[in-house]
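Following: one structure in structure tokens, then a few remarks.
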Amino acid sequence: MAHILLLHSVYGLRPAVLAAADRLRAAGHEVTTPDLYDVPAADTVDAGFALLEKIGRDVVLDRARAAVAGLPAETVLAGFSMGAGVAGALLAERPEAAALLLLHGTGGDPASVRPGLPVQLHLADPDDYETQDEVDDWQRAMTAAGAELTVYRYPGPGHLYTDPGTPDHDAPAAALTWDRVLAFLADS
């Protein structure tokens with residue numbers, strides 16, 4: 001059983017994030033899903049970016065810090081898209097994190113990676129927000145820093161393919177992602 005901090009995408013705290021948390025809880029994990037916006041979730045990605053701009057990245061990161069403050073040091077840091085970036089940013093302050101789980105986006109500064117840190121990335125292929133060159137550079141840097149990195153690419157679906165409330169949703173890719181995530185967390 002792992003403690004998991006699960007951070008939402010730029011859309012905000014949507015039903016898909018809560019359903020993902022329930023799926024993880026059903027597998028025996030403790031899951032915290034903070035609302036980094038503290039306002040209703042956006043209906044479109046553009047509205048989500050507008051919310052992020054209005055609230056500010058610093059406020060979002062401060063809210064994530066507050067959410068993880070009371071959790072065990074070995075909490076798994078996880079996130080969807082923007083939340084993956086926030087989870088990765090928290091790694092510098094949480095060096096004992098059990099793992100880094102990144103859904104729909106890269107995250108984590110290689111300088112913050114301790115040798116042996118389990119890291120799993122799930123990404124559409126291609127992805128509108130992460131070019132292949134960017135992913136390759138990130139992957140090389142994380143591996144060189146000592147991360148035990150596994151990258152899964154899913155040909156065909158859109159960026160946020162695990163969220164059934166978005167046009168990107170792809171049920172088979174989402175099912176495979178969740179199978180892989182649950183296996184990863186069982187080992188963390």
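The figures that follow rest on heavy atoms only: side chains count, while hydrogens, waters and symmetry mates do not.
- In this structure a side-chain-to-backbone donor-acceptor pair under 3.5 Å is present from Arg25 to Val31.
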Carefully, step by step, assess Tyr154 and Thr162 under the rule side chain to side chain contact (heavy atoms under 4.5 Å, CB included). CA-CA 11 Å; Tyr154 299 85; Thr162 62; over 6 Å; no
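- Applying the side-chain hydrogen bond (donor to acceptor under 3.5 Å, both in side chains) test to Arg23 and every residue at least two apart in sequence or in another chain returns nothing.
- Between Met142 and Asp109 the shortest heavy-atom distance is SD-C, 4.4 Å.
- Summarising the geometry, atom CG belonging to Leu149 is positioned 7.0 Å from atom CG belonging to Leu121; distances are rounded to the nearest 0.5 Å.
- Checked by atom type and distance alone, the side chain of Arg153 never pairs as donor or acceptor with a backbone atom of His122 at under 3.5 Å.
- Taking NE2 of His8 as the start and OG1 of Thr33 as the end, the distance is 9.0 Å to the nearest 0.5 Å.
- Met1 belongs to no hydrophobic cluster with other residues, because no ILVMFWY side-chain heavy atom falls under 4.5 Å from its own, directly or through intermediates.
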Yes or no on side chain to side chain contact (heavy atoms under 4.5 Å, CB included) for His104 and Met82, after CA distance, side-chain angles and deciding distance?
CA-CA 8 Å; His104 316 293; Met82 175 203 79; over 6 Å; no
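- Under the 4.5 Å side-chain heavy-atom criterion for Ile, Leu, Val, Met, Phe, Trp and Tyr, Tyr152 and Val119 are members of distinct hydrophobic clusters.
- One distance of note links CG of Leu185 with CG of Leu24; it measures 6.0 Å at 0.5 Å rounding.
- Rounding to the nearest 0.5 Å places CG of Leu101 at 13.0 Å from CZ of Arg180.
- Atom CD of Gln132 is separated from atom CG of Asp137 by 10.0 Å, given to the nearest 0.5 angstrom.
- The ring pair (Phe, Tyr, Trp, His ring centres under 6.0 Å) test applied to Phe184 returns no partner, not counting sequence neighbours.
- With 3.5 Å as the limit, one finds a donor-acceptor pair spanning the side chains of Thr106 and Glu130.
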Would Leu61 and Leu90 count as a side chain to side chain contact (heavy atoms under 4.5 Å, CB included) here? Give the steps. CA-CA 8 Å; Leu61 187 55; Leu90 291 174; 4.0 Å; yes
For residues 36-59, dump all side-chain donor-acceptor pairs below 3.5 Å to protein atoms at least two apart in sequence or in another chain.
from: Tyr37; atom 1: OH; to: Val10; atom 2: O; distance (Å): 2.7
from: Thr44; atom 1: OG1; to: Ala47; atom 2: N; distance (Å): 3.0

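- A distance of 8.0 Å separates CG of Asp128 from NE2 of His159, quoted to the nearest 0.5 Å.
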Show me the donor-acceptor pairs, under 3.5 Å and distance only, between side chains in residues 65-79 and residues at least two apart or in other chains.
from: Arg65; atom 1: NE; to: Glu93; atom 2: OE1; distance (Å): 2.9
from: Arg65; atom 1: NE; to: Glu93; atom 2: OE2; distance (Å): 2.9
from: Arg65; atom 1: NH1; to: Asp62; atom 2: OD1; distance (Å): 2.8
from: Arg65; atom 1: NH2; to: Glu93; atom 2: OE2; distance (Å): 2.8
from: Thr75; atom 1: OG1; to: Pro72; atom 2: O; distance (Å): 2.6

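- Among residues two or more places apart in sequence or in another chain, the side-chain hydrogen bond (donor to acceptor under 3.5 Å, both in side chains) test is passed with Glu148 by none.
- The shortest side-chain heavy-atom distance between Leu117 and Pro95 does not fall under the 4.5 Å cut-off.
- Of the N and O atoms on the side chains of Tyr161 and Thr177, at least one donor lies less than 3.5 Å from an acceptor on the other residue.
- The side-chain contact (heavy atoms from CB on, under 4.5 Å) with Gln120 is formed by just one residue from the set Leu102, Leu103, Val181; it is Val181.
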Practice prompt. Give the C-alpha distance, both sets of side-chain angles, the deciding distance and a yes or no for side chain to side chain contact (heavy atoms under 4.5 Å, CB included) between Ser9 and Leu160.
Written response: CA-CA 9 Å; Ser9 74; Leu160 204 57; 3.9 Å; yes
